[in-house]
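The basis for the numbers below is simple: all heavy atoms, side chains too, and nothing from hydrogens, waters or symmetry mates.
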Amino acid sequence: MGALGLMLAAAAVALAGLAALLALLWFAYTYMLWRMGWRVFAARYSTDAEPRESFVAASATFGHVFATYKGTARVGFLREGVHFSAALPLGVAHASFLLPWERLRSAQLERGPYGERARVELRDEAGRVILLLPAAALAALETSRTFH
């Protein structure tokens, strides 16, 4: 094997090591997110129900400012309350849960640099949930809530 072959082999080993390190860091980060917020809500409000429609939250914070999900939490609305699920691959380790309507504190449109978004806040003994959703989510929320 020549010098070029050794350099390519070393590069392949380095890339494999980097990929393994990034996978480990991603796992540690998602475990921290789950541990700091999602887990507590899922333990209290576990559900098998599924909404017909759900929205991807641009931002979803569960209980702690460091437990913020960017574009990976899905939110839907049912007669019973607000449904949460995680997009894959997070969904494998994040059980869905349903916060009852009594936990809703505010839901309003906010205008920002990227247009209008719905800001939804819920509170529970487990902590506070703050969501930034597409503006269309506010109409779906109100429709589902009127049946409550």
Side-chain angles (χ1 to χ4, degrees), residues 8 10-148:
L8 289 175
V13 169
L15 281 175
L18 179 61
L21 176 64
L22 290 175
L24 180 65
L25 289 174
W26 180 83
F27 177 77
Y29 175 71
T30 57
Y31 177 76
M32 180 198 69
L33 282 176
W34 172 78
R35 187 98 176 128
M36 292 176 83
W38 191 287
R39 174 183 65 96
V40 177
F41 290 99
R44 285 178 179 230
Y45 299 106
S46 175
T47 186
D48 291 327
E50 289 292 328
R52 278 185 265 141
E53 178 181 29
S54 63
F55 301 89
V56 175
S59 176
T61 302
F62 297 94
H64 193 283
V65 69
F66 293 117
T68 299
Y69 293 71
K70 300 284 188 178
T72 55
R74 299 191 62 80
V75 180
F77 307 104
L78 298 166
R79 288 179 63 139
E80 299 81 11
V82 183
H83 181 275
F84 296 88
S85 61
L88 291 174
L90 293 178
V92 173
H94 287 60
S96 296
F97 65 93
L98 181 78
L99 280 176
W101 287 117
E102 293 78 27
R103 303 296 184 245
L104 181 67
R105 293 296 171 254
S106 66
Q108 59 198 20
L109 281 180
E110 286 186 350
R111 185 174 301 273
Y114 302 107
E116 286 188 331
R117 289 192 177 160
R119 184 180 190 280
V120 178
E121 183 176 337
L122 303 105
R123 288 184 192 241
D124 181 70
E125 297 83 26
R128 184 170 68 162
V129 177
I130 299 173
L131 306 168
L132 288 179
L133 298 167
L138 194 57
L141 181 151
E142 291 300 331
T143 301
S144 296
R145 192 168 182 217
T146 57
F147 293 112
H148 173 67

Should R105 and E121 be marked as a salt bridge (Lys or Arg N to Asp or Glu O under 4.0 Å) after you check the CA-CA gap, both sets of side-chain angles, and the distance that decides it?
CA-CA 6 Å; R105 293 296 171 254; E121 183 176 337; over 6 Å; no
State the [atom1]-[atom2] distance between [X] and [Y], to the nearest 0.5 angstrom.
X	Y	atom1	atom2	value
E50	L98	CD	CG	10.5 Å
E110	L138	CD	CG	11.0 Å
T61	R128	OG1	CZ	8.5 Å
T143	R79	OG1	CZ	13.0 Å
F77	L104	CZ	CG	8.5 Å

Name of the residue among S96, S54, S85 meeting side chain to side chain donor-acceptor pair (under 3.5 Å) with R74
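Single side chain to side chain donor-acceptor pair (under 3.5 Å) partner of R74 among S96, S54, S85: S54.
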Should L133 and R117 count as side-chain neighbours, where that means a heavy-atom distance under 4.5 Å?
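L133 does not reach R117 side chain to side chain.
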Do L99 and R44 come within less than 4.5 Å of each other through their side chains, counting heavy atoms only?
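With C-beta onward as the side chain, the pair stays apart.
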Show, in sequence, the C-alpha distance, side-chain angles and deciding distance for W101 and L141, and conclude whether the side-chain contact (heavy atoms from CB on, under 4.5 Å) test is met.
CA-CA 10 Å; W101 287 117; L141 181 151; 3.9 Å; yes
Between W38 (side chain) and A86 (backbone), is there a donor-acceptor pair under 3.5 Å?
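Side chain of W38 to backbone of A86, a donor-acceptor pair under 3.5 Å: no, none is there.
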Give a yes or no on whether the backbone of A49 and the side-chain of H83 come within a donor-acceptor separation of less than 3.5 Å.
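Confirmed, H83 side chain pairs with A49 backbone.
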Of all the heavy-atom pairs spanning [X] and [Y], show the shortest one and how long it is.
X	Y	result
F55	P134	CB-CD, 4.0 Å
L78	P51	CD2-CA, 3.6 Å
A73	A60	CB-CB, 3.8 Å
V56	G71	CG1-O, 3.6 Å

After noting the C-alpha distance and the side-chain angles of V129 and R103, does the key distance pass the side-chain contact (heavy atoms from CB on, under 4.5 Å) rule?
CA-CA 10 Å; V129 177; R103 303 296 184 245; over 6 Å; no
Would you say the ring centers of Y45 and F84 fall short of 6.0 Å from each other?
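Centroid separation for Y45 and F84: 6.0 Å or greater.
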Pairing residues for F41 by the ring pair (Phe, Tyr, Trp, His ring centres under 6.0 Å) criterion, not counting sequence neighbours
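Checked F41 against ring pair (Phe, Tyr, Trp, His ring centres under 6.0 Å); matches are F97.
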Does R52 have any salt bridge (Lys or Arg N to Asp or Glu O under 4.0 Å) partners at least two apart in sequence or in another chain, and if so, which?
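By the salt bridge (Lys or Arg N to Asp or Glu O under 4.0 Å) rule, R52 matches no residue at all.
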Any chance you could lay out the side-chain contact (heavy atoms from CB on, under 4.5 Å) test for L122 and I130, step after step, and finish with the verdict?
CA-CA 7 Å; L122 303 105; I130 299 173; over 6 Å; no
